[in-house]
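Below: the structure, in structure tokens.
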Amino acid sequence: MSIEDRPNILLVFTDDQGYGDLGCYGSPYIDTPNVDRLANEGVRYTDFQAAPICTPSRAALMTGSYAARVGLANGVLFPGDDHGLAENEITIAELLSRAGYATTAIGKWHLGDHHPFLPTDHGFDSYFGIPYSNDMRPNNVHGKDVHPPLPLVREDTVVETEPDQRTLTERYTDEAVSFIEEHAQREHPFFCYLAHTMPHVPLHVSEPFEGGSYGGLYGDVIEEVDHGVGRLLEMLEEEGIEDDTLVVYTSDNGPWLRMGHDGGNAGPLRDGKATAYEGGHRVPAIARWPGVVPEDTVCRELATTMDLLPTFATLAGVAHEIPSDRTIDGVNISRLLTDPETSDSPREDFGYFGSNGELRAIRNAEGYKYFPQEDELYDLHRDVSERVDIRDEEPAKADALAERFTQLQSDLKHNCRPVGDVPGPAFTERGGTTPHDT
Ligand code: MG
């Protein structure tokens, strides 16, 4: 296999999984032999960044752009929201479709729950999952009683309401395994986006995994997700396509620490979900592609979920299709796949946001991170926990980052695209379809 051969792409995207919640990232209590195996057979990234919360993270992943560019940085979408990912945004799935890939989205979407915002409106041939967060249901964990029953959707139709959440991880995995089996021997490659609902609170796990982990219920949930990864790897092997398939495993944002034991663990990182500290944005990330990605490597370069769009498009041979009429913040990080230990990141910096969409901090590829409001500077390479403010030691670094922060802030304000805004009710009942389809 060489990088010229277009790979299948399997992207496993977990929800609110912390930087410290995998064996290969140092969890002492959660056993993840299958994800650890991916790391042993591929590359593990230490400085991989996403976004502080669910919707912005998925907007960035799908468009290769900061969520603030596409109007989705402030908070998350709720059932029946008029807002969603604008129709004219070009997603990873659309680019891969143009390259002839078969595409599917499974699990959580969270970029709009009616047409024209659904996965099948945005380049995916098929969709199966709960289109938003699993706590957005009647009597949810926030104590609101304003949401309709949780819908499990196929394409754009509700096939079940209030599905037994203990079955979700397995059902999503089943769906992905079947998709791979169906497409493995076809002439065109495939893109499978498996966005697990778990471990977002409320946590649920199937019986065989109950109480199996030293890491409590949260650990059980991760171990079931890991078991699912093992089944996917087995299917790739059974079909003889493991060398033709790039597998990427990552998470949308940091752990939801205020959920106590049900929230994950950020390991050495400061704080968690919804914050601009590393614990909010930095996520575990692993990539395996036998024969292309060197085995058992660690990449300490700056990379982000936004970079997956230009990277996947390049691997699929459609780099020329990456939109040039708008700003794409992602950069092609193929060389961090093929040569992860000696290549420098092509990315110069990365902006960190609050859960309200406000730009809060910026870091550069060297590992310096600056918070203008607090006037604090951290050296992440010496101090990944953001404990020691070195503003006074390194004023020139702080000034340079402050300037870049101002540029990015202004650019995001003036050079942004409108959010999708189309009224439409949420999915409400079994068999109900969305209004634009009926
Ligand atoms: Mg999340």
Side-chain angles (χ1 to χ4, degrees), residues 11-22 25 35 48-63 66-68 70 72-79 81 83-85 105-113 119 129-137 140-142 147 150 165 168-169 172 193-205 217-218 221-222 224-225 248-267 269 271-285 304-306 308 352-357 360:
L11 172 59
V12 181
F13 200 64
T14 54
D15 196 347
D16 296 4
Q17 179 169 17
Y19 190 78
D21 291 326
L22 285 166
Y25 280 83
V35 178
F48 198 87
Q49 306 284 350
I53 48 175
C54 301
T55 294
S57 185
R58 288 145 212 273
L61 172 71
M62 281 298 134
T63 64
Y66 283 113
V70 299
L72 288 168
N74 184 0
V76 296
L77 298 175
F78 284 93
D81 215 302
H83 289 161
L85 185 64
I106 300 163
K108 176 163 162 176
W109 175 242
H110 220 173
L111 292 172
D113 64 356
I130 293 172
Y132 39 76
S133 297
N134 60 337
D135 60 343
M136 294 178 175
R137 46 183 299 272
N140 73 6
V141 293
H142 305 122
H147 302 314
L150 203 62
Q165 291 203 37
L168 286 178
T169 298
Y172 289 170
Y193 171 50
L194 170 55
H196 277 293
T197 286
M198 295 295 144
H200 190 281
V201 174
L203 301 177
H204 291 279
V205 69
L217 175 59
Y218 184 92
V221 165
I222 296 293
E224 184 166 21
V225 168
V248 175
Y249 182 99
T250 187
S251 171
D252 68 336
N253 53 251
W256 206 356
L257 298 180
R258 70 183 176 79
M259 290 295 156
H261 291 143
D262 282 354
N265 192 312
L269 307 181
D271 221 314
K273 176 175 177 173
T275 76
Y277 291 112
E278 291 300 302
H281 284 64
R282 193 187 294 215
V283 288
T304 81
T305 50
M306 295 184 289
L308 296 179
Y352 298 78
F353 296 79
S355 58
N356 63 356
R360 292 276 291 111

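Atoms considered below: every heavy atom in the structure, side chains included; atoms not considered: hydrogens, waters and symmetry mates. Both ligands and their constituent atoms are indexed starting at 1 by order of listing.
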(request) Would you please name every residue forming a ring-ring contact (aromatic ring centres under 6.0 Å, His included) with Y277, sequence neighbours left out? (result) F371

(request) Looking only at N, O or S atoms, find the one in D15 nearest to the Mg ion (ligand 1) and name it. (result) OD1

(request) Describe, in one word, how the ring planes of Y193 and F13 are oriented to each other, choosing from parallel (under 30°), tilted (30 to 60°) and perpendicular (over 60°). (result) tilted

(message) Please name the atom of D252, limited to N, O or S, that comes nearest to the Mg ion (ligand 1).
(response) OD2

(message) With a cut-off of 2.8 Å, does C54 put an N/O/S atom close enough to the Mg ion (ligand 1)?
(response) yes

(request) Using ring-ring contact (aromatic ring centres under 6.0 Å, His included) as the criterion, list what pairs up with H200, not counting sequence neighbours. (result) W256

(request) Could you tell me whether the side chains of Y249 and Q17 share a donor-acceptor contact shorter than 3.5 Å? (result) yes

(request) Would you check if the Mg ion (ligand 1) lies under 2.8 Å from any N, O or S atom of S133? (result) no

(request) Determine which of the N, O or S atoms in D16 is closest to the Mg ion (ligand 1) and give its atom name. (result) OD1

(request) Go through the steps to decide whether D81 and Y132 satisfy the test side chain to side chain donor-acceptor pair (under 3.5 Å), and finish with yes or no. (result) CA-CA 11 Å; D81 215 302; Y132 39 76; over 6 Å; no

